[in-house]
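Shown next, in structure tokens, is the structure this report addresses.
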Amino acid sequence: MLSVLLRSALPKYCRLWRPGPVRTMSSSDGPTAPFTTLAVSRPAESVTHVQLHRPAKRNAMNKAFWSEMVECFQQISDDQACRVVVISGAGTMFTAGIDLMDMAADIVQPEGDDTARIAWNLRKLIRRYQETFSVLEKCPKPVVAAVHGACIGGGVDLITACDIRLCTQDAWFQVKEVDIGLAADVGTLQRLPKVIGSRSLVNELALTARKMYADEAKSSGLVSRVFPDQEAMMAGALEMAAEIVARSPVAVQGTKINLIYSRDHGVTEGLDYMATWNMSMLQTQDVMKSAQAAMEKKSPKETLFSKL
């Protein structure tokens, strides 16, 4: 039933997002001020939708995009009204990756009087670009990537920093960087091996730049679900978001933070961090509310949790 309701709401699911009041808008209205590359909306209670919005440029990542993503997700992290994020692309594809025409000057002609200064400035630039996707991981709210069409280069960097990845049957993925003479440097080589789990497959994708299609993406673990088309995928993403929203934000955000910590640390360290985390988080009223709902055989959606 929820899926049917969400499908019927899709044509009007874009509402202008602010850390305060929300008003309706159409996804075709373009980017949401002050952003020039992102359309940010609230399609459902406590759900924020971030849409890459340069459809005429196949959502290629220009200079503005790299700073706007950071600003956007820093605001989302502090927005108590948001409990989960869905990120998608406008137009015919998710993203074509880096906008080489717009970024060429920074990459090919970096500032500096000598090798040391050029290298120093390049390092600062790369670290700034890395933060564009690390901010998705640092955001305590779960981020669901919904991919249709092509997801190329920087798009793979982006989705591997998300918590859940969905795609359409026509989606394909490509670690493109070796084709343009560089090693991927903003997250794919660090995160993709931990997402897929097969070092051989990761090496193959990164060294050959071949395309990976939806069925292989699912079988390898890059995505968890494949949908027949974009409409079905967005309905599925919103339905999944609604399930997450129904749970305690203390539990959900604590789970995300500890999953990422445990990914990067050993079992003993992960358990110790978890014990330290929950020695305070277990004192929340959300535990008693959830237990009461379970005893009364109520759905989590019938339980009201305070904002976090």
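All values derive from a computational prediction rather than experimental measurement.
Hydrophobic cluster membership for L271: V267 (Ile, Leu, Val, Met, Phe, Trp, Tyr linked by side-chain heavy atoms under 4.5 Å, directly or transitively). Here I126 is tied to no hydrophobic group at all, with no ILVMFWY side chain closer than 4.5 Å.
Each ring pair (Phe, Tyr, Trp, His ring centres under 6.0 Å) pair with one or both residues in residues 125-145, not counting sequence neighbours, appears once here: W66-Y129, W66-F133. Sorted by first and then second residue, the pairs that involve residues 133-157 and meet salt bridge (charged side-chain N to carboxylate O under 4.0 Å, His left out), not counting sequence neighbours, are E131-K138, E137-R191, E137-R263. Note on residues 43-61: pairs passing salt bridge (charged side-chain N to carboxylate O under 4.0 Å, His left out), not counting sequence neighbours, are R54-D99.
Applying the salt bridge (Lys or Arg N to Asp or Glu O under 4.0 Å) criterion to D286, with sequence neighbours excluded, gives no partner residue. Not counting sequence neighbours, F73 has no partner by the ring pair (Phe, Tyr, Trp, His ring centres under 6.0 Å) test. Under the rule for a side chain to side chain contact (heavy atoms under 4.5 Å, CB included), the partners of K218 that lie at least two apart in sequence or sit in another chain are V223, V226. Remark: L304 engages no residue in a side chain to side chain contact (heavy atoms under 4.5 Å, CB included) (not counting sequence neighbours). Remark: K194 pairs with D264 by the salt bridge (Lys or Arg N to Asp or Glu O under 4.0 Å) rule, at least two apart or across chains. Annotation: ring pair (Phe, Tyr, Trp, His ring centres under 6.0 Å) contacts of F65 (sequence neighbours excluded): none. The ring pair (Phe, Tyr, Trp, His ring centres under 6.0 Å) check on Y273 picks up Y261, with sequence neighbours excluded.
A 6.0 Å sphere centred on CE of M295 holds more than 12 heavy atoms belonging to other residues, nucleotides or ligands.
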